[in-house]
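The model shown is predicted, which means the values in this text are computed figures rather than measured ones.
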Amino acid sequence: MNRLESETHVLREATADDVHLMLSWRNQETNRQVSKTSHEITAEEHARWWSAVRDDPSRRVLMYVREDLPCGVVTFFDLRLESPRSGAWGFYLDADGLDGRGETLPAWLGVMRESVEYAFDGLHLDRLDGEVLGHNTVVRQMNRRFRFVEGTPRQEWSDGREITVIPISLARADRRQR
């Protein structure tokens with residue numbers, strides 16, 4: 001099993017047993033508001049996605065587990081594992097469940113730490129890229145805390161709405177060490 005562990009947090013490979021959790025979390029209103037894809041994803045659409053990504057060598061789909069409880073999904077994609085090694089990432093959490101338990105902020109900090117560590121120490125990337133929607137100011141602040149640098153914003157149309165997408169990147173040399 002591919003794992004990167006800390007005291008209470010684990011990133012592990014997602015399995016077919018996790019697919020229903022991933023879909024339910026992805027469709028939570030909180031997650032849809034800050035994603036390019038804002039519509040509710042159908043089971044068929046999700047099954048097509050899972051079929052395409054589960055064996056794709058340029059992708060990793062990981063479950064974020066806290067205290068033995070799955071509570072988030074981290075995806076790495078566009079992985080280029082020859083020098084210079086780079087890839088992109090994104091994540092979403094079980095926003096409703098974590099909020100109900102008062103664990104949102106610790107989980108958010110944990111998934112960010114574990115993901116960055118996995119990218120640089122597990123995948124040995126030289127650069128990690130991502131995107132954030134312009135209106136998602138809280139995530140933008142958190143990204144800066146983890147030393148991600150914002151690029152030039154661009155306008156896109158997605159799900160019938162115009163959104164501002166801001167590219168982010170973090171170089172291996174600039175990451176925060178634990």
Side-chain angles (χ1 to χ4, degrees), residues 1-14 18 22 25-26 28 30-38 49 53-54 56-66 70-95 98 103-156 158 163-178:
M1 183 183 305
N2 191 358
R3 307 177 86 136
L4 188 65
E5 297 186 34
S6 68
E7 291 178 20
T8 59
H9 313 158
V10 176
L11 284 181
R12 65 160 172 81
E13 292 179 24
D18 299 314
M22 289 188 275
W25 299 337
R26 181 58 191 84
Q28 290 175 359
T30 301
N31 290 325
R32 290 188 296 120
Q33 288 176 358
V34 294
S35 299
K36 283 183 168 184
T37 305
S38 61
W49 170 82
V53 303
R54 68 179 173 210
D56 182 341
S58 71
R59 300 184 69 108
R60 304 287 186 283
V61 180
L62 307 171
M63 294 296 287
Y64 174 62
V65 180
R66 287 177 49 81
C71 61
V73 178
V74 180
T75 58
F76 290 93
F77 52 96
D78 296 339
L79 293 173
R80 291 180 298 282
L81 301 178
E82 65 284 335
S83 188
R85 298 170 70 96
S86 64
W89 79 300
F91 75 91
Y92 54 93
L93 296 170
D94 174 10
L98 289 164
E103 297 179 5
T104 302
L105 184 57
W108 190 10
L109 288 166
V111 76
M112 293 277 298
R113 261 192 308 273
E114 295 296 321
S115 298
V116 168
E117 200 168 289
Y118 181 86
F120 293 112
D121 298 338
L123 295 172
H124 306 288
L125 299 182
D126 298 308
R127 192 186 77 240
L128 181 60
D129 298 314
E131 296 178 327
V132 62
L133 299 188
H135 70 271
N136 198 347
T137 56
V138 176
V139 168
R140 292 175 66 195
Q141 289 173 339
M142 183 68 77
N143 288 341
R144 285 190 286 275
R145 178 180 176 158
F146 277 81
R147 299 188 177 163
F148 282 89
V149 176
E150 291 187 351
T152 303
R154 66 182 184 277
Q155 298 302 117
E156 291 184 14
S158 181
I163 55 175
T164 301
V165 178
I166 301 172
I168 61 169
S169 65
L170 177 63
R172 170 184 287 282
D174 297 331
R175 76 186 258 218
R176 292 181 104 185
Q177 296 293 329
R178 215 189 264 227

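With rounding to the nearest 0.5 angstrom, the CD atom of Q33 is 7.0 Å from the NE2 atom of H135. One distance of note links CH2 of W25 with CZ of F91; it measures 13.0 Å at 0.5 Å rounding. Atoms CG and OG, from L133 and S35 in turn, are 7.0 Å apart once rounded to the nearest 0.5 Å. One finds the CD atom of Q141 at 10.0 Å from the CG atom of N136 (value rounded to the nearest 0.5 Å).
M63 and P70 make their closest contact through CE-CB, 3.9 Å (heavy atoms, listed as atom of the first residue, atom of the second, distance). Here the closest heavy-atom approach between residue T152 and residue P167 is recorded as O-CD, 3.3 Å. Contact between S158 and I163 at its shortest, heavy atoms only, is CB-CD1, 3.9 Å. Between R147 and D174 the shortest heavy-atom distance is CD-O, 2.9 Å. Residues L128 and A119 approach most closely at CD2-CB, 3.8 Å, considering heavy atoms.
Considering only heavy atoms from C-beta on, S115 stays 4.5 Å or farther from F146 through its side chain. Using a 4.5 Å heavy-atom threshold, the side chains of V53 and F77 count as separate. Side-chain atoms of M112 and N143, non-hydrogen and from C-beta on, do get closer than 4.5 Å to each other. Put simply, the side chain of E103 does not reach to within 4.5 Å of the side chain of C71, judged on heavy atoms. Considering only heavy atoms from C-beta on, V132 stays 4.5 Å or farther from V165 through its side chain.
With a 6.0 Å radius and a threshold of 12 heavy atoms from other residues, nucleotides or ligands, R144 has its CZ atom above the threshold.
With sequence neighbours left out, R54 forms a side-chain hydrogen bond (donor to acceptor under 3.5 Å, both in side chains) with no residue at all. Take W49 and apply the ring pair (Phe, Tyr, Trp, His ring centres under 6.0 Å) test, not counting sequence neighbours, and it matches H46. Applying the side-chain hydrogen bond (donor to acceptor under 3.5 Å, both in side chains) criterion to R140, with sequence neighbours excluded, gives E150. Taking S86 as the reference, R80 meet the side-chain hydrogen bond (donor to acceptor under 3.5 Å, both in side chains) condition, with sequence neighbours excluded. T164 meets the side-chain hydrogen bond (donor to acceptor under 3.5 Å, both in side chains) test with Q155; sequence neighbours excluded.
Ion pairing of R175 with D121 is present here, as a side-chain N (NZ or NE/NH1/NH2) and a carboxylate O approach within less than 4.0 Å.
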Worked verdict on R60 versus L123 for side-chain contact (heavy atoms from CB on, under 4.5 Å): CA-CA 10 Å; R60 304 287 186 283; L123 295 172; 4.0 Å; yes
side-chain contact (heavy atoms from CB on, under 4.5 Å) between F76 and L62, intermediate numbers included: CA-CA 8 Å; F76 290 93; L62 307 171; 3.8 Å; yes
With side-chain contact (heavy atoms from CB on, under 4.5 Å) as the test, would you mind laying out the steps for V34 and Y92 before giving the verdict? CA-CA 10 Å; V34 294; Y92 54 93; over 6 Å; no
One pair to check against side-chain contact (heavy atoms from CB on, under 4.5 Å): D18 and R12. What are the steps and the verdict? CA-CA 11 Å; D18 299 314; R12 65 160 172 81; 2.8 Å; yes
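Between the side chain of E114 and the backbone N or O of L11 there is no donor-acceptor pair closer than 3.5 Å. With N31 contributing its side chain and L93 its backbone, the two residues share a donor-acceptor pair below 3.5 Å.
The side-chain hydrogen bond (donor to acceptor under 3.5 Å, both in side chains) contacts involving residues 123-133 comprise K36-E131, R127-D129, E131-R154, where partners must be two or more places apart or lie in separate chains.
The aromatic rings of W89 and F148 lie parallel to each other, with less than 30° between the two planes, well short of the 60° mark.
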